[in-house]
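Lettering follows sequence order; numbering is per chain, from 1.
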Number of protein chains: 4
Amino acid sequence: MNLLGGHSRVSQQRSAKNKKNRTLRVRNRGARERALIEAAAKLFADQGYEHTTTREIAAKAGCAEGLISRYFKGESGLLRTIVESQIAQKPSTPAPLPASIQEEVRRLVEEEVQHLWDDREFLKMVIPQMILSPSLGREISQIPDRRAVKIVERLRNYKEAAGLSSDELNAFATSIIGLGFLFGFWRPVTLGQEREASKRMAASMGAILSRAF
Amino acid sequence: MNLLGGHSRVSQQRSAKNKKNRTLRVRNRGARERALIEAAAKLFADQGYEHTTTREIAAKAGCAEGLISRYFKGESGLLRTIVESQIAQKPSTPAPLPASIQEEVRRLVEEEVQHLWDDREFLKMVIPQMILSPSLGREISQIPDRRAVKIVERLRNYKEAAGLSSDELNAFATSIIGLGFLFGFWRPVTLGQEREASKRMAASMGAILSRAF
Amino acid sequence: MNLLGGHSRVSQQRSAKNKKNRTLRVRNRGARERALIEAAAKLFADQGYEHTTTREIAAKAGCAEGLISRYFKGESGLLRTIVESQIAQKPSTPAPLPASIQEEVRRLVEEEVQHLWDDREFLKMVIPQMILSPSLGREISQIPDRRAVKIVERLRNYKEAAGLSSDELNAFATSIIGLGFLFGFWRPVTLGQEREASKRMAASMGAILSRAF
Amino acid sequence: MNLLGGHSRVSQQRSAKNKKNRTLRVRNRGARERALIEAAAKLFADQGYEHTTTREIAAKAGCAEGLISRYFKGESGLLRTIVESQIAQKPSTPAPLPASIQEEVRRLVEEEVQHLWDDREFLKMVIPQMILSPSLGREISQIPDRRAVKIVERLRNYKEAAGLSSDELNAFATSIIGLGFLFGFWRPVTLGQEREASKRMAASMGAILSRAF
DNA sequence: GATGAATGAGCCTTCATTCAT
DNA sequence: AATGAATGAAGGCTCATTCAT
């Protein structure tokens with residue numbers, strides 16, 4: 001009941017009983033945002049974005065549900081924030097070049113497998129959204145494409161790479177990335193193959209590919 | 001029989017028990033089930049299972065919403081029915097063996113690319129669910145695994161295949177399937193790469209792989 | 001937990017316990033719509049549109065909240081429906097013409113006062129919305145404008161009306177409507193004047209106006 | 001002093017108790033209060049009280065949201081402050097009496113129309129609340145009632161007014177106020193009639209009314 | 001004193017399922 | 001057998017207020 005006698009829809013004066021057993025408030029926006037992002041990323045990966053409620057995210061992050069809307073403009077904004085920060089991620093320092101291209105190919109395959117496995121939480125989270133939204137897919141494709149460019153550059157350091165045209169080299173690098181996806185993420189995570197078996201298969205295939213030179 | 005035109009298993013179970021008025025009833029029920037399956041498969045692929053309402057499915061199929069619960073025990077049963085019928089699908093007739101293993105490898109890659117492209121609607125539909133449900137992933141992994149076995153069998157017809165161990169051959173076949181997935185589905189559909197570019201990359205890679213022998 | 005192991009956001013299978021103590025379902029869409037309209041009109045008038053929750057409307061109408069969205073496209077659609085049906089209302093049968101224009105003026109004022117009093121629930125409901133939305137105001141202004149035209153027509157039946165120009169006659173009729181609004185609605189309902197006092201004032205003013213001829 | 005520039009009663013109460021640093025503090029607090037009142041009055045009139053958030057008010061006033069609770073005991077207190085200051089408003093200096101009562105009646109109508117037009121922002125703000133709260137309506141009705149008394153007093157200066165009883169005179173004055181409301185606020189602001197057309201209608205009606213004497 | 005981060009109750013809406021017709 | 005009206009349990013979001021800083 002407000003000033004004018006009407007029932008206010010929103011302003012129900014918080015009664016005295018709420019003063020007790022209230023959680024201590026902390027003021028730290030940055031930490032709250034990070035907690036929400038972390039909680040959401042985990043839940044999105046585990047249950048899927050569609051099955052994750054803002055209630056769950058807030059509970060896991062230990063803060064109020066309303067902050068999701070306020071900080072990220074809604075649940076979808078939270079997803080977008082996570083995706084964008086992942087896309088913007090800086091590349092790691094490159095490994096030293098092995099002596100032979102065969103060695104390098106094997107190493108690349110192994111590295112990609114590991115990399116995709118490390119990113120599995122992110123992939124589980126975004127793949128359903130990529131399928132729904134072509135534009136998101138295109139945005140995310142920057143990640144493997146940039147990696148492919150890096151691989152081509154590395155392979156060009158070996159004289160044997162001269163035997164392949166630019167397009168072939170590009171297809172080769174893209175395929176290495178793809179095999180990383182396949183054996184690092186797709187088969188172990190999505191198809192449920194045992195991870196060690198996946199890695200062995202990848203290593204076999206790396207060895208076979210290295211013979212292309 | 002393709003996914004979207006497949007006979008529903010439910011309709012086959014039920015068709016026997018209607019003794020009277022059989023022709024009419026069977027035709028009606030079967031037709032309705034097929035209409036629902038077809039409508040659902042299209043909508044699930046386009047909008048995702050999570051964003052497809054039973055209302056939409058019924059509207060597109062031209063029948064009442066309640067039938068989804070009645071025939072398929074709910075929306076999820078409809079998805080299950082579709083997935084199961086796809087898994088149970090009979091393999092198509094194999095192509096004749098080319099003269100050289102190089103030719104065969106190139107052909108296999110191309111065939112896989114085409115195959116995964118043809119199945120893109122199904123994949124778009126199930127991938128988000130596979131990520132959510134390891135058991136579904138394991139079930140679906142039967143499909144590529146059976147194909148890999150077939151590929152191994154075919155490659156064994158060439159003497160050059162003897163140079164690879166059984167594990168290597170298996171990894172090789174699995175990788176071919178994976179490249180089919182990569183260039184037939186993943187890159188064109190999910191990452192938004194132009195389909196022809198994807199096919200060219202796949203052909204390049206097929207050529208490179210064929211040199212492994 | 002659904003088919004795929006994920007938690008469905010919406011499809012929580014209704015457990016068996018709900019089968020008991022469920023209200024009997026009646027299938028009568030028209031009656032439901034009318035009940036909702038009636039309940040909403042009353043609540044909107046009493047508490048204001050902004051302070052009326054769909055929960056309250058549904059409870060008062062004795063049906064499920066979701067129907068408001070389904071039938072009227074939301075709470076606002078319910079308001080729109082009510083307003084439109086009021087605007088479209090057929091005019092009542094006109095009273096017989098009194099012998100003198102003086103009598104007619106007094107009668108008109110009285111009639112308008114009564115009319116606006118009768119419509120007070122509707123006015124209480126729409127006025128806040130009219131103030132918010134100019135377009136709604138313009139739409140609703142059709143009601144008094146049509147009434148003013150009718151009044152002008154009636155007055156033209158008396159030779160004394162010839163003493164007023166068309167504009168004057170129009171202003172006169174509009175003022176009669178306005179006095180009806182003033183003493184029939186505004187003062188008794190909004191300013192809290194005692195209704196009988198309002199009516200007496202209106203009668204006084206009617207008498208004074210009648211001397212204009 | 002106009003509504004939107006009026007001194008807050010709260011600020012005057014508080015201004016005394018700050019002994020130290022008075023000038024600065026008083027100026028700041030008073031200025032903030034005035035800024036909040038001004039911002040709120042504008043927003044309440046434009047969007048309605050119900051649709052105005054404290055966030056918006058604070059943003060427009062250029063100060064912190066929390067001050068609304070602190071200074072005015074919440075958003076509703078802000079509205080109450082505005083309304084009370086308007087009700088308490090001093091009457092303006094009366095115009096000189098024209099030679100004829102006819103002239104005076106025409107002048108009064110015109111004056112009222114202008115007056116209600118000037119107050120339109122205030123009316124847009126309070127009308128929805130008046131409809132919700134009879135007590136607020138009664139409080140606000142002081143404003144037109146006091147004006148009606150003033151009009152009666154003025155009319156009594158003319159001998160022609162003696163032809164009307166006290167009640168009639170009162171009804172006449174109240175009707176003039178009502179026509180001011182009708183043509184100065186209701187029709188142009190709420191019904192969307194063009195303002196000049198409203199004024200012309202009012203002038204016509206003023207002329208007609210003046211013939212009552 | 002002033003700020004604005006944080007709270008959390010409550011709102012409208014959606015939608016799979018049920019069941020009277 | 002088929003329909004679609006009705007249900008009701010969440011879900012995301014808003015926003016006045018509180019209170020740590």
Which comes earlier along DNA chain E counting from the 5' end, the contact point of C:Arg70 or that of A:Arg70, where each point is its nearest nucleotide?
A:Arg70
Do C:Glu33 and C:Phe72 touch side chain to side chain, with heavy atoms closer than 4.5 Å?
yes
Which residue lies more 5' along DNA chain F, comparing A:Gly74 with C:Asn28 via nearest heavy atoms:
C:Asn28
Of C:Arg55 and A:Gly30, whose nearest nucleotide on DNA chain E comes first from the 5' end?
A:Gly30
How many Å lie between CD on B:Glu56 and P on E:dT17, as a whole number?
15 Å
Do you see a donor-acceptor pair shorter than 3.5 Å between the side chains of A:Glu75 and A:Thr54?
no
Of F:dA16, E:dC12, F:dG8, the nucleotide closest to the side chain of D:Glu75 is F:dA16
Nearest-angstrom distance from the residue atom NZ of A:Lys73 to P of F:dG12:
19 Å
Complementary nucleotide of F:dG12, counting Watson-Crick and G-U pairs under 3.5 Å
E:dC11
Separation of D:Glu65 atom CD from E:dT3 atom C1', in whole Å?
10 Å
Round to the nearest Å and state the distance from A:Gln47 atom CD to F:dA10 atom P.
15 Å
Measuring from the side chain of D:Ser69 (C-beta onward, heavy atoms only), which nucleotide among F:dT18, F:dG12, E:dT3 has the closest atom?
F:dT18
Would you please confirm or rule out a distance under 4.0 Å between OP1 or OP2 of F:dG12 and any side-chain N or O of A:Thr54?
yes
Integer-rounded Å distance: F:dG4 P and C:Arg32 CZ
18 Å
Please determine if a side-chain N or O atom of C:Arg29 lies less than 4.0 Å away from the OP1 or OP2 oxygen of F:dA5.
yes
In whole Å, I'd like the distance from the CD1 atom of C:Ile68 to the P atom of F:dA5.
17 Å
Along DNA chain F (nearest heavy atom to each residue), the more 5'-positioned of C:Leu67 and A:Ser76:
C:Leu67
Go through E:dC11, E:dA5, F:dG12 for me and flag the one nearest to the C:Thr53 side chain.
E:dC11
Using a cut-off of 6.0 Å, state whether more than 12 heavy atoms not belonging to C:Arg29 lie near its atom CZ.
yes
Please give the nucleotide sitting opposite F:dA20 as a Watson-Crick or G-U wobble pair, both distances under 3.5 Å, or none.
E:dT3
Working to the nearest 0.5 angstrom, can you tell me the gap between C:Gln129 CD and C:Ile131 CD1?
9.5 Å
E:dA2 phosphate, OP1 or OP2: any side-chain N/O from D:Tyr71 under 4.0 angstrom?
yes
Heavy atoms from C-beta onward define the side chain here; which of F:dG4, E:dT3, E:dT7 lies closest to that of A:Cys63?
E:dT7
Give the rounded distance in Å between these two atoms: OH of A:Tyr49 and P of F:dG12.
8 Å
Quickly work out the C:Ile57 CD1 to F:dG8 P distance and round it to whole Å.
18 Å
May I ask you to check whether over 12 heavy atoms, not counting those of C:Glu121, lie within 6.0 Å of atom CD?
yes
Quick one: does A:Gln86's side chain get under 4.5 Å of A:Val83's, heavy atoms only?
no
